[in-house]
*Asks:* 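Just passing along the structure, written as structure tokens.
Every chain is numbered from 1 and lettered A, B, ... according to where its sequence line falls, protein lines coming before strand lines.
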2 protein chains.
Amino acid sequence: MAVQAPIGMRSRNQSQRRKRIVQTATALALRGGVEAMQMRAVAERAGVALGTLYRYFPSKMDLVVAVVTEELDLLEASIIRRPPAAESAAGRSVDVLIRATRGLLREPELADALVRSLIMAEARTELAPRITDLIWRVASGPPSPTAEAEPATPDRESPGYVLAGALTSVWIFELLEILKGHRDIDDAQHRLDTAAGALLADFEPAEAAETAEPAEAAR
Amino acid sequence: MAVQAPIGMRSRNQSQRRKRIVQTATALALRGGVEAMQMRAVAERAGVALGTLYRYFPSKMDLVVAVVTEELDLLEASIIRRPPAAESAAGRSVDVLIRATRGLLREPELADALVRSLIMAEARTELAPRITDLIWRVASGPPSPTAEAEPATPDRESPGYVLAGALTSVWIFELLEILKGHRDIDDAQHRLDTAAGALLADFEPAEAAETAEPAEAAR
DNA sequence: CCGACAAGTAGAACAGATTCTAGTCCGTGG
DNA sequence: CCACGGACTAGAATCTGTTCTACTTGTCGG
């Protein structure tokens, strides 16, 4: 077999291979969900040996996390592309979360994988903090499209960040409930509104927030 | 698995058997954790055939949930025995949650099972709501040992209940983080204090409990 | 050119949950 | 008394994640 590409730089091939694996895995997960994303199947369709797959992703969970991480990238990009417009920190946060929810529910199987990853994933990759950072940013400042000055490194001990983390927990659970069929989106939104209202009532991005106080930023 | 209408002696034997299975499972889970609680092993030690075990518990998850449910009973009993003393609703809630946390961490393997059950368990048994109910009750009533006045049936749509549910989410996540080794109890307590302070700031089912200070929960 | 080596490959082997097969046992209605 | 049905049993079989074996290839320093 091994139509080994003509001798080339190993590292590029590696990342190429890795990418192909993740794509294959995503494709499989998109239908059938996580259980359809079987390691043998992924290896086969990606054209690598099972052992190789396991070299790149030591466990299925790692692969799931990789898939989900890409999804998360897309989500963040979409947020940046169209920032939330609400007045309050809570409003903006819920806006983002609900949009994320709707987006995810378009691929319930993937959403399921995301949630499980957020919850179960070991220290390997920190997924949940990415959500919390997102909320933090969104809550912190009315997004000023030009300013990069937004705290890309929030103080993770500050009350504001802790509360953003709490909201993340709530969101993940609501998403989970939706996926389990216990709620619909509107119900979840209502709950998120309630929780966010309480959690972010007097949200203030710790210190360095002064820089970003332009009330009505451009759109 | 419905505890179907009794049929003579049969039903007693059934519940006897069921109980023995759960006990065996618990014993195994107490050491080794969920992975040590292998279906074959449980069946063997409980003295039933594998098929029978699967008749009673269609999946391992169901068995885990059964085990964890018993644990939850113990927790509730312990709460009733020694009600939280703090002034504020938030203080009492955190008190209970931290006590639960400490108790659970005495059996990390079981704690792990609990958390995963709370999260993953399907509609079958509703574990998380039991926690929320607990928080609700504890938050609602300044512990009046005599008063039965508190309704055991909270309005699950009320803002107060929704907020209690949010606190449940936060707690489960903090517990998870502790189990993953990302936090210690004190850290978690601090976060719970922050979250509960915000969520239950002006909690009141009927009465008033203004002082929403992050309470020094019991040691 | 050589030997060491990392990265691959094909495929067998292992492990534990879940399912399936065949047959036994026992209480009950006819 | 007896056939039926449901609960059990022992154990094989299946499925899927994970690990292991044995062998090939491509790269590279010397």
*Asks:* In whole angstroms, how far is the P atom of dT9(C) from the CG atom of Leu53(A)?
*Replies:* 10 Å
*Asks:* Nearest-nucleotide wise, let me know which of Gly47(A) and Met37(B) is further upstream toward the 5' end of DNA chain C.
*Replies:* Gly47(A)
*Asks:* Looking at Tyr56(A), does any N or O in its side chain come under 4.0 Å of the phosphate oxygens OP1/OP2 on dG8(C)?
*Replies:* yes
*Asks:* OP1 or OP2 of dA7(C) versus the side-chain N and O atoms of Arg17(A): is any pair under 4.0 Å?
*Replies:* no
*Asks:* Can you check side-chain hydrogen bond (donor to acceptor under 3.5 Å, both in side chains) on Glu157(B) and His190(A), steps first, answer last?
*Replies:* CA-CA 10 Å; Glu157(B) 300 306 319; His190(A) 171 250; 5.4 Å; no
*Asks:* Any side-chain to backbone donor/acceptor pair from Arg183(A) onto Glu177(A)? Under 3.5 Å, distance only.
*Replies:* no
*Asks:* Axis-to-axis angle across the helix from dC1(C)-dG30(D) to dG30(C)-dC1(D), five pairs an end, to 10 degrees?
*Replies:* 10°
*Asks:* Which atom pair, heavy atoms only, marks the closest approach of Ile21(A) to Leu63(A)?
*Replies:* CG2-CD1, 4.0 Å
*Asks:* Can you check whether Arg18(B) has a side-chain N or O nearer than 4.0 Å to OP1 or OP2 of dA7(D)?
*Replies:* no
*Asks:* Could you state the CZ-P distance from Arg20(B) to dC8(D), rounded to the nearest angstrom?
*Replies:* 11 Å
*Asks:* Just to verify, what does Arg130(A) make a salt bridge (charged side-chain N to carboxylate O under 4.0 Å, His left out) with, not counting sequence neighbours?
*Replies:* Asp73(A), Glu76(A)
*Asks:* Please answer whether the main-chain N or O of Ala113(A) pairs with a side-chain N or O of Ser117(A) as donor and acceptor at a distance below 3.5 Å.
*Replies:* yes
*Asks:* Side-chain N or O of Thr52(B) versus OP1/OP2 of dT9(D): is the shortest distance under 4.0 Å?
*Replies:* yes
*Asks:* Please tabulate, one pair per line, all N/O donor-acceptor pairs under 3.5 Å involving side-chain atoms of residues 99-112 of chain A, not counting sequence neighbours.
*Replies:*
residue	atom	partner	partner atom	Å
Arg99(A)	NH1	Arg82(A)	O	2.9
Arg99(A)	NH2	Arg82(A)	O	2.4
Thr101(A)	OG1	Leu97(A)	O	2.6
Thr101(A)	OG1	Trp171(A)	NE1	2.8
Asp112(A)	OD2	Arg116(A)	NE	2.6

*Asks:* Rounded to the nearest Å, what distance is computed from the CG atom of residue Leu28(B) to the P atom of nucleotide dG16(C)?
*Replies:* 13 Å
*Asks:* Calculate the interatomic distance between Gln16(A) atom CD and dG8(C) atom P; express it in whole Å.
*Replies:* 13 Å
*Asks:* Would you name the heavy atoms of Ala66(A) and Phe57(A) that are closest together and state the gap between them?
*Replies:* CB-CE2, 3.6 Å
*Asks:* The criterion is salt bridge (charged side-chain N to carboxylate O under 4.0 Å, His left out); which residues satisfy it with Arg156(A), sequence neighbours excluded?
*Replies:* Asp133(A)
*Asks:* Can you pull every protein N or O that's under 3.5 Å from an N or O on nucleotides 14-16 of chain D?
*Replies:*
residue	atom	partner	partner atom	Å
dT16(D)	OP1	Gln38(A)	NE2	2.8
dT16(D)	O5'	Gln38(A)	NE2	3.3

*Asks:* Quick one: are Asp184(A) and Ile178(A) in side-chain contact, heavy atoms under 4.5 Å?
*Replies:* no
*Asks:* Which atoms form the tightest heavy-atom contact between Asp155(A) and Tyr161(A), and what is the distance?
*Replies:* O-CB, 3.4 Å
*Asks:* In sequence, state the C-alpha distance, the side-chain angles, and the governing distance for Thr168(B) and Thr132(B), and then conclude on side-chain hydrogen bond (donor to acceptor under 3.5 Å, both in side chains).
*Replies:* CA-CA 6 Å; Thr168(B) 300; Thr132(B) 300; 2.9 Å; yes
*Asks:* Detail all sub-3.5 Å separations between protein N/O atoms and N/O atoms belonging to nucleotides 19-22 of chain D.
*Replies:*
none

